[in-house]
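What follows is a set of notes on a single structure, which appears directly below.
Here is the naming used below: chain letters follow the sequence lines, and residue numbers restart at 1 for every chain.
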2 protein chains.
Amino acid sequence: MISKTEFIQKLRNSSLRPTKQRIDICDVLFNREKTFHFTINDLFNLVKERKDQKASLATIYNTVHAFHKKGYLKEIPINSNQTYFDTNVTDHHHFFDVKEERLIDLKNEDVGPIDIQKSIPGKKIKSVEVLVKLED
Amino acid sequence: MISKTEFIQKLRNSSLRPTKQRIDICDVLFNREKTFHFTINDLFNLVKERKDQKASLATIYNTVHAFHKKGYLKEIPINSNQTYFDTNVTDHHHFFDVKEERLIDLKNEDVGPIDIQKSIPGKKIKSVEVLVKLED
DNA sequence: ATTCTTCTTTAGAATAATTATAAAAAACTA
DNA sequence: TAGTTTTTTATAATTATTCTAAAGAAGAAT
């Protein structure tokens, strides 16, 4: 359970003003047992459900982008009509159930080390992500 | 160099009528030394450049979807404003240069075997794709 | 060839995710 | 409290993609 004060601290440390909306979004995103996957729309609805506060869709977009930029959220590379984000920013991979449009975490240990034996001059590797598509 | 007749054959075998537009798109897509990555817009422009024939944007969409469904094109899982396709339908992976928005093939051999040590009940693996993001 | 049926193309409208805008509100500073 | 900067917000703009329905092309039957 992360306190409001902690969120305020963290936001300040990231030079993001701790607005009511941002604190609320933090609470929805990071006060959970497990990390989770969401779309902008998911998050918009989750925030809307709360009685205390609401945030406009534009704010959800702004905040998610700000958090992503700061490294508090990870974008999951899949082709979908909506962009998926992940509160698990550690190095890991995903299953994607194409039929149900559902993402499932895949731990690094469940994939084993991936050794990229090719390099591109002048470029370095930023991330290595595995996407495993599932079917019935 | 693949002949028009061959394209017509292949289209017929796939129960796709060999229209002028489809044959032209085949020529643009498959009559090349190397496989390549493209967006709908790229393809639209490539077809437009040709003097002999032009195809509407809707036809480009229709055809790409049809070819994808038949397994002649592969969709590359990345988050971009546009969807990328690949004429290389063999099992392989990609580098994505985020800055230049450029895709580069990564052979299976350059990645080594990927062993997914987790399974989801009732589901089987359809594909395993690695995306390596590059930065400067 | 001619007619009939089915599939395809096409322009344009519709949809939907995302981004841009600019004024009002909130947060910070002095 | 007044002044400055950042943020929120409603709304408009943008853009990739899908839908629609009419015209055109391809294939089949005669």
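Chain A approaches DNA chain D over the interval D:dT5 to D:dA10, counting the first and last nucleotide 5' to 3' with an atom under 4.0 Å from its heavy atoms.
The distance from atom CG of B:N81 to atom P of C:dT19 is 9 Å, rounded to the nearest whole Å. Distance B:Y61 OH to C:dA11 P: 15 Å, rounded to the nearest Å. Between A:Q82 atom CD and C:dT15 atom C1' there is a gap of 13 Å when expressed in whole angstrom units. Here C:dA11 presents its C1' atom at 15 Å from CD1 of B:I60, a figure rounded to the nearest Å.
Among residues two or more places apart in sequence or in another chain, the side chain to side chain contact (heavy atoms under 4.5 Å, CB included) test is passed with A:K20 by A:Q53. Not a single side-chain hydrogen bond (donor to acceptor under 3.5 Å, both in side chains) links A:E75 to another residue, sequence neighbours left out. Qualifying side-chain hydrogen bond (donor to acceptor under 3.5 Å, both in side chains) partners for A:D97, counting only residues two or more places apart in sequence or in other chains: B:K123. With sequence neighbours excluded, the residues forming a side chain to side chain contact (heavy atoms under 4.5 Å, CB included) with B:T87 are B:L29, B:F30, B:T35, B:F36, B:F38, B:L73, listed by chain and number. Considering only residues two or more places apart in sequence or on other chains, A:S15 meets the side chain to side chain contact (heavy atoms under 4.5 Å, CB included) condition with A:K70. The side-chain hydrogen bond (donor to acceptor under 3.5 Å, both in side chains) test applied to A:N108 returns A:H93, not counting sequence neighbours. Judged as a side-chain hydrogen bond (donor to acceptor under 3.5 Å, both in side chains), and not counting sequence neighbours, the contacts of A:Y72 are A:S14. Annotation: side chain to side chain contact (heavy atoms under 4.5 Å, CB included) contacts of A:T90 (sequence neighbours excluded): A:N88, A:H92.
A distance-only check finds no donor-acceptor pair linking the side chain of A:R50 to the backbone of A:L46 [under 3.5 Å].
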Please produce a list of atom pairs where a protein N or O lies less than 3.5 Å from an N or O of nucleotides 24-28 of chain C.
from   : atom 1 : to    : atom 2 : distance (Å)
C:dA27 : N3     : A:R17 : NH1    : 3.2
C:dC28 : OP1    : A:R12 : NH2    : 3.3

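The overall bend of the helix from C:dA1-D:dT30 to C:dA30-D:dT1, read as the angle between its terminal helix axes built from five base pairs each, is 30° when rounded to 10 degrees.
As judged by a 4.0 angstrom heavy-atom cut-off over every strand, B:T83 is placed among residues touching the sugar-phosphate backbone only. Within 4.0 Å (heavy atoms only), B:N41 reaches no atom of the nucleic acid at all.
Between the side chains of B:N62 and B:T59, no donor N or O sits under 3.5 Å from an acceptor N or O.
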Got a list of side-chain donor-acceptor pairs under 3.5 Å for residues 125-132 of chain A, not counting sequence neighbours?
none

